[in-house]
There are 2 protein chains.
Amino acid sequence: MEKSTSLQHYVRGPHRRGEIAKAARTLIVEKGYAALRTRDVAERVGISLSTMHFHVATKSDLVALVAETTMDAFLSLLPPAPSPDMPAQKQLRTEVQAYYDSLLEHGELAACYVQLTQAASDEPRIRPMLEAFEQGWSQRFADILHIGREQGVFRANVSPLPAALVITGALTAFGTRGPGKLEMFWPVFDEIERGLLAIDPKGKDT
Amino acid sequence: MEKSTSLQHYVRGPHRRGEIAKAARTLIVEKGYAALRTRDVAERVGISLSTMHFHVATKSDLVALVAETTMDAFLSLLPPAPSPDMPAQKQLRTEVQAYYDSLLEHGELAACYVQLTQAASDEPRIRPMLEAFEQGWSQRFADILHIGREQGVFRANVSPLPAALVITGALTAFGTRGPGKLEMFWPVFDEIERGLLAIDPKGKDT
DNA sequence: TGAAGAATCGATCATATGATCGATTTATGG
DNA sequence: CCATAAATCGATCATATGATCGATTCTTCA
């Protein structure tokens, strides 16, 4: 239990903030925001509580840092912005697939997002961030739906924004439920898609 | 600040547990489960911390008590169980209307439910309760959808359970968002309904 | 090479919080 | 009307937790 020989103490630059943010996110996902302890974060990084406070002054700052990095990471996983020149049904699938992949490969992000939602009552600073994120995400779906309606692939009476809220609402539910519950993901999306598609009897047009 | 003349101390019977549960629920809704303090609950009821512990031994017991009473209260607001002999579209509306009413008149219940979801990590005892509740609620919608499909009011290719998850997922999102966001409730539901209804060209049958 | 500053640590503080204990007060049945 | 149990309270404990302080070690660069 004695210190290993090669411990390279003393990390320079802003690297430690990244490590701290990551550790905090992991702990938030594992035990929930309510159980987040600055001590545990420091221990996870392998530094003392004091050092941790040196890099991130207060717990409030820590939460804000986690919120920033988490949502940035999430946004970087999204496909290109919706385009009127691409088939809408495919764009919808792609968008949802990206979310599904994020749940599989980066489940921490969605799970952490849910926790941050709870943290918002303690930390009003992060609320605007969360709202902007959620609104932006819904808008992507609304854009796709609008495009698809123009293209005639979706029902003519689709209301883009409400329909987008249906999608984000239904899919967000999978972020909260633990893994294993993911088996209903595609059945749920398929059901949504069936409800959106224009009835195209016999594939004839006009 | 001196004790009012007529303070009827000493409440007999199990009445205090009810008061405590109610106070705890209110506080959970106001400030979130993470900020729930046994002291605050006691103060809200108007008793000392010791008395509070006399009636509800531990904080864990308190949370379990809140979970029980909250879900019981919620269930009591639901309409009669789905019936194959009634028009499914109307039953669906009724079911959703009941939920909407509960959000308006008893927003504490849905809000508290969301908080209890978070509490589940600290308090494993309440997890089975929450799961049973959620499963039961989704099943009600699944039953209605199945009935409606048989009746021909809903698409023949509706999958009851996935569609039910779409509904509960989309509607649950309104429980988390604060009031004021409720204006999108019915547009969202109308969109869901449009996606479910069988195309009934010109209202002719067979 | 030798300040100067960046990074780290151990010790400690101040407070919050769940829980316990013993004493006291009140209602109730016999 | 009084003895017993239920209900209440104040004081206190034990611990958890965010934060601070001063000393120490390492890195950098002039």
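This is a predicted model, so every value here is computed, not measured. Quick note on labels: first sequence line is chain A, next is B, and so on, each numbered from 1.
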Participant: Can you check the A:L27 CG to D:dG18 P distance for me, whole Å?
Facilitator: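 Answer to the nearest Å: 12 Å.
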
Participant: Taking atom types as modelled, is there a side-chain donor on A:Q151 or A:Q89 under 3.5 Å from an acceptor on the other?
Facilitator: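 Side-chain D/A pair, A:Q151 to A:Q89: absent.
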
Participant: Using whole Å, report how far CG of A:D122 lies from P of D:dG18.
Facilitator: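 Going from CG in A:D122 over to P in D:dG18 covers 11 Å.
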
Participant: For the pair made of CZ in B:R12 and C1' in D:dA7, what is the distance, rounded to whole Å?
Facilitator: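 B:R12 atom CZ is separated from D:dA7 atom C1' by 7 Å.
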
Participant: Check the angle between the aromatic planes of B:W137 and B:F133 and answer parallel, tilted or perpendicular using the 30° and 60° thresholds.
Facilitator: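 Ring orientation of B:W137 relative to B:F133: parallel.
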
Participant: Within this structure, what is the CG-to-P distance between A:L49 and D:dA16, rounded to whole angstrom?
Facilitator: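 After rounding, the reported distance stands at 15 Å.
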
Participant: Round to a whole Å and report the spacing from CG of A:L36 to P of D:dA16.
Facilitator: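 Value for this atom pair: 17 Å.
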
Participant: Please state how far atom CD1 in A:I20 lies from atom P in D:dG18, giving the value in whole angstrom units.
Facilitator: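 For the pair A:I20 CD1 and D:dG18 P, the rounded distance is 14 Å.
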
Participant: Just jot down the ring-ring contact (aromatic ring centres under 6.0 Å, His included) partners of A:F154, sequence neighbours excluded, or say none.
Facilitator: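 Expected list: none.
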
Participant: Taking atom P of D:dT27 as reference, at what distance in whole Å does atom CZ of A:R16 sit?
Facilitator: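 Roughly 12 Å, once rounded to whole Å.
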
Participant: Counting only side-chain nitrogens and oxygens, does A:T51 get under 4.0 Å of the OP1 or OP2 atom of C:dC9?
Facilitator: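 Answer yes for this pair, as a side-chain N or O of A:T51 is under 4.0 Å from OP1 or OP2.
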
Participant: On the side chain of B:R37, is there an atom forming a donor-acceptor pair with the base of C:dG18 - under 3.5 Å, no angle test?
Facilitator: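 Flag unset: no donor-acceptor pair detected.
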
Participant: Does anything in residues 52-65 of chain A reach DNA chain C, meaning a heavy atom under 4.0 Å, and if so which residues?
Facilitator: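 Within residues 52-65 of chain A, the residues near DNA chain C are A:F54, A:H55.
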
Participant: If you check the A:Y10 side chain, which of D:dC26, D:dG18, C:dA19 turns out closest?
Facilitator: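 Closest of the options to the side chain of A:Y10: D:dC26.
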
Participant: Excluding sequence neighbours, so at least two apart, what forms ring-ring contact (aromatic ring centres under 6.0 Å, His included) with B:Y33?
Facilitator: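 Residues passing ring-ring contact (aromatic ring centres under 6.0 Å, His included) with B:Y33: none at all.
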
Participant: Please report, rounded to the nearest Å, how far the P atom of D:dT17 is from the CD atom of A:E43.
Facilitator: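 One finds 12 Å between P of D:dT17 and CD of A:E43, rounded.
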
Participant: Run B:Y100 and B:F185 through ring-ring contact (aromatic ring centres under 6.0 Å, His included) and show every step you take.
Facilitator: CA-CA 8 Å; B:Y100 182 78; B:F185 186 95; 4.8 Å; yes

Participant: Measure from the side-chain N and O atoms of A:S76 to the backbone N and O of A:A73, and report whether any donor-acceptor pair falls under 3.5 Å.
Facilitator: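 Between the backbone of A:A73 and the side chain of A:S76 there is a qualifying donor-acceptor contact (under 3.5 Å).
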
Participant: Report yes if at least one side-chain N or O of A:T38 is closer than 4.0 Å to OP1 or OP2 of D:dG18; otherwise report no.
Facilitator: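 For D:dG18, OP1 or OP2 has a side-chain N or O of A:T38 closer than 4.0 Å.
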
Participant: Kindly say whether B:S159 contributes a backbone atom to a donor-acceptor pair with the side chain of A:E191 at under 3.5 angstrom?
Facilitator: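 Present.
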
Participant: Taking the side chain of B:R39 as heavy atoms from C-beta outward, which of C:dT8, C:dA19, D:dT17 is closest to it?
Facilitator: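 Selected nucleotide (nearest to the side chain): C:dA19.
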
Participant: Identify which nucleotide among C:dA7, D:dG10, D:dA7 has an atom closest to any side-chain atom of B:S48, counting heavy atoms from C-beta outward.
Facilitator: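 Nearest listed nucleotide: D:dG10.
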
